[in-house]
Each structure stands twice: as structure tokens, then as C-alpha cells.
Participant: 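There's a structure below that I have some questions on.
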Amino acid sequence: MTNTQSDITAARIIYEEIVPALAPWMHDVKAGQSLRIVDLEGNQAVDFLMYNSADDAERYSAQDTMAMQGNIFLHAGTRLLSNEGRAMMSISATNVAYHDTIGGACSCESNTLRYGHFTKNQHSCVDNFLDANARAGRSKRDMVSNINFFMNVPVESDGALGIVDGISGPGLWVELKAEMDVTIVVSNCPQINNPCNGFNPTPVQMIVYE
Ligand SMILES: [Zn+2]
């Protein structure tokens, strides 16, 4: 489900940054503000966590989000819930059909299991999450199931998961409206062993506006 009705042209831009390929990013978004994530070159997975800025014990919950909406895909209109069952952000608009929240974040462990020991020293999303979160005093125990914007993880009728060619494209975007003050932690996914980044990780753009 897409909704491409964006109000960014009339908005006041508060913050703008290009996140380089492979890099982590952390930023606060206040209640009422919006964040647009732009997949500049297409097929770039953006691994995404968020925490309540006032108390980071409250954080994104994939389980609560999927259970509440009765659907495993994230699309325009999805409310992203916390482990307290409260809306943290909602997907106000996107021109990509759906986004994933079941594929997880790539890690040293998952890479070596799936792709072989030679991948052990490759950079991963878990490295990025730990790097960004460490600046705010968070550690491995604060890692939870994440969102993968622009990543295509279809579920077959027998329940099998795929990580396949993306349904995003150059310049496509997702817009998130904050329902509370949130701290966003992103890994611009460095994965090069499956098609989630088209085997070529690329930069993405972050725009915070109100
Ligand atoms: Zn990754």
C-alpha cells in the first residue's frame, strides 16, 4: 500500500544529511516532526531502530507492530509501536509498496552462518547499531528486532522467507511522523552477500522537517 501524498514541499526543513554507504546514523526527532528517508540510488536497505528519547527502556517492537495491524509488512498508515504498546512513529507516506520488519539486521554471526567464514571481518548492521548506540550508553542488551526500510523479504505460502531483489528504486522514499520524542538509530546496510543492497551499498538521505 502506498500513499505518495507528501507535504514536504511546504515544510520547514530542520535537519538534512546524506548518510554515506556502510555508515551508522543517530538523530533525535521530536513529537510532531517528520523524517523522510530517501533511497537515493535505489535498492538500499536502511536498518532502523528507535527509542523513546526520555526513557530508552521504551523502544520499537516489531512484534507489537505486526500484531496490532494484523499484517507483517509495513506500509503507508502503519503505526510503529513500542514495547509498551504506544505509537512511536507512523508511516505517513511512502512510494514503496511495503517495508520489512522480520528480516533482522545482518551481523558477523549471520554472515558467517549464511555465507561462509571468509565474511567474518565484513562490516555489518549490528556493528553500526552498536557503534551508534555506544555514543548514548546503550549496548548489546539494547538491540531489538529492527525495521528494514526498502528491503524486500517476501513470505512464501509455506512460511519460507526470502531476501530478494528490492522493490525500491532511485529516489523513492518513506516518511515517518513522530508521535513522541524519539531517538533514531540507523545502519545504512553494508551487506554485499545478498541482493538487499543490489550488491552495491549506496548513500541515503535523511530530512527532518515540520
Ligand atoms: Zn545489514
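Indexing begins at 1, ligand by ligand and atom by atom, following the structure's order.
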Participant: Which residue is it: Met50, Lys177, Met89, Glu210? I am looking for the one with a side chain to side chain contact (heavy atoms under 4.5 Å, CB included) to Val29.
Facilitator: Met89

Participant: Suppose we call two aromatic rings close when their centres sit under 6.0 Å apart. Are Tyr15 and His27 close by that rule?
Facilitator: yes

Participant: Report yes if some heavy atom in the side chain of Arg114 is under 4.5 Å from a heavy atom in the side chain of Asn193; otherwise report no.
Facilitator: no

Participant: Pairs of donor and acceptor atoms involving the side chains of residues 152-159, under 3.5 Å and at least two apart or interchain, shall be tabulated with distances.
Facilitator:
{"from": "Asn152", "atom 1": "OD1", "to": "Tyr98", "atom 2": "OH", "distance (Å)": "2.5"}
{"from": "Asn152", "atom 1": "ND2", "to": "Asp165", "atom 2": "O", "distance (Å)": "3.0"}
{"from": "Asp158", "atom 1": "OD1", "to": "Ala160", "atom 2": "N", "distance (Å)": "2.9"}

Participant: So, at under 2.8 Å, which protein N, O or S atoms would a careful student list around the Zn ion (ligand 1)?
Facilitator: Cys106 SG, Cys125 SG, Cys189 SG

Participant: Would you please name every residue forming a side-chain hydrogen bond (donor to acceptor under 3.5 Å, both in side chains) with Arg141, sequence neighbours left out?
Facilitator: none

Participant: For Thr183, enumerate each residue passing the side-chain hydrogen bond (donor to acceptor under 3.5 Å, both in side chains) test, keeping only those at least two apart in sequence or located in another chain.
Facilitator: Asp28, Ser53

